Asker: 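Next up is a structure, given as structure tokens.
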Amino acid sequence: MSQTVDRALSILPLLAEGPADLGQVAERLGVHKSTALRLLRTLHEHGMVYRQSDQRYRLGARLIALAQEAMENLDIREIAHPHLVRLNESCGHTVHLAVYEDDEVLYIDKVESRYPVRMYSRIGKPVALTVAAVAKLLLADLPEAERRALVGTLEYPLYTARSTPDAPAFLEELARVREQGWAVDLGGHEESINCIAAPVRGADGRVVAAMSVSAPNVVVTAEELLTLLPQLRRTADAVSGEYSGRTTAKELPNRDVKPRV
């Protein structure tokens with residue numbers, strides 16, 4: 001029975017590459033055509049595959065609908081929270097999870113630091129789009145036309161001397177974030193607070209959330225916080241692996257490129 005299930009499931013990745021006829025399916029599975037046909041008929045009955053008029057098979061609408069339903073029911077906060085807690089226990093700093101919704105970036109989870117100094121951020125509260133590290137990651141992943149249109153509508157308050165001053169500077173920053181795959185806010189919103197962020201990606205590679213580590217200068221310097229970037233990226237990638245259904249998390253490369261401090 002397990003061999004039959006294994007063979008049936010092996011058909012799905014083949015058809016994901018494109019329609020295939022009975023002979024191609026049998027050859028890929030290494031079985032007789034009669035065996036392949038029985039498997040295809042069973043999958044067809046359950047809507048997992050569909051037989052076209054040219055007698056080739058493709059993935060069925062029921063399978064696609066199930067995948068979409070599963071994705072819609074995934075709770076990124078529930079998946080990420082244990083990882084946020086472990087990261088917080090390891091580094092001791094405040095850890096956030098944020099998402100982009102309706103032209104706003106919102107914190108959906110937070111694990112407080114272990115030291116007495118607390119950050120003002122709250123779950124459900126929007127972040128400062130033009131300076132926050134999580135916002136930079138989420139906006140950088142938008143399609144170019146949408147990204148440029150949004151950037152052109154934003155205001156650019158100068159919270160500190162390090163705040164993003166205008167749209168051209170923000171577009172340049174987003175391009176850099178998009179290329180390097182991580183972001184920082186080094187005193188851009190509050191002079192005393194630094195933050196690093198890494199993306200959580202879905203199965204299609206798009207950024208579905210952003211995870212960050214933040215700390216005040218009185219606890220660690222910006223340079224010291226940046227040393228946590230590899231650990232943060234590994235954690236975010238572990239969340240990505242679990243969210244997208246991969247069985248193992250692929251470790252992101254530890255790049256030597258550092259942002260300007």
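Because the structure is a prediction, the values reported are computed rather than measured. Quick note: residue numbers are just sequence positions, from 1.
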Asker: With a cut-off of 6.0 Å (strictly less than), are more than 12 heavy atoms of other residues, nucleotides or ligands near CD of Glu78?
Answerer: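 Check fails, neighbour count at 12 or below.
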
Asker: Taking only residues at least two apart or on different chains, which pairs with a member in residues 146-160 satisfy side-chain hydrogen bond (donor to acceptor under 3.5 Å, both in side chains)?
Answerer: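 Found Glu144-Arg148.
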
Asker: Quick one: side-chain hydrogen bond (donor to acceptor under 3.5 Å, both in side chains) pairs with a partner in residues 200-209, sequence neighbours left out?
Answerer: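 Pairs touching residues 200-209 that pass the test: Asp141-Arg206.
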
Asker: I'd like to know if the side chain of Thr164 reaches the main chain of Thr130, judged simply by a donor and an acceptor atom lying under 3.5 Å from each other, with no hydrogens or angles considered.
Answerer: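 Yes: the side chain of Thr164 pairs with the backbone of Thr130.
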
Asker: Might you point out which heavy atoms bring Ala236 and Ala198 nearest each other, and give the distance in Å?
Answerer: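 Minimum heavy-atom contact is CB-CB, 3.8 Å.
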
Asker: Looking at Arg162 and Glu190, is any side-chain nitrogen of the basic one under 4.0 Å from a carboxylate oxygen of the acidic one?
Answerer: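 Salt bridge: no.
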
Asker: Measure the CG-CD1 distance between Leu229 and Ile196 for me, rounded to the nearest 0.5 Å.
Answerer: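 So the CG of Leu229 and the CD1 of Ile196 are separated by 5.0 Å.
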
Asker: Please indicate whether Glu27 has more than 12 foreign heavy atoms, meaning atoms of other residues, nucleotides or ligands, lying under 6.0 Å from its CD.
Answerer: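 No, because the 6.0 Å sphere around CD of Glu27 holds 12 heavy atoms or fewer from other groups.
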
Asker: Quick one: does Pro19's side chain get under 4.5 Å of Gln52's, heavy atoms only?
Answerer: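 In contact.
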
Asker: Taking Arg56 first and then Asp54, would you say they form a salt bridge - that is, a charged N and a carboxylate O separated by under 4.0 Å?
Answerer: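 A salt bridge is present here (some side-chain N lies under 4.0 Å from a carboxylate O).
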
Asker: For His81, what residues pass the side chain to side chain donor-acceptor pair (under 3.5 Å) criterion, not counting sequence neighbours?
Answerer: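 Counting only residues at least two positions away or on another chain, His81 forms a side chain to side chain donor-acceptor pair (under 3.5 Å) with Asp109.
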
Asker: Could you tell me which non-hydrogen atom of Ala161 sits nearest to which non-hydrogen atom of Glu191, and how far apart they are?
Answerer: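 So the minimum-distance heavy-atom pair works out to N-OE2, 3.7 Å.
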
Asker: Among side-chain atoms of Arg41 and His44, is any donor-acceptor pair under 3.5 angstrom?
Answerer: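 Short answer, no.
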
Asker: Are Asn194 and Asn217 close enough that a side-chain donor and a side-chain acceptor fall under 3.5 Å?
Answerer: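 Indeed, the side chains of Asn194 and Asn217 share at least one donor-acceptor pair under 3.5 Å.
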
Asker: Any ion pair linking Glu173 and Arg176 (charged N to carboxylate O, less than 4.0 Å)?
Answerer: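 So Arg176 pairs with Glu173 through a salt bridge.
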
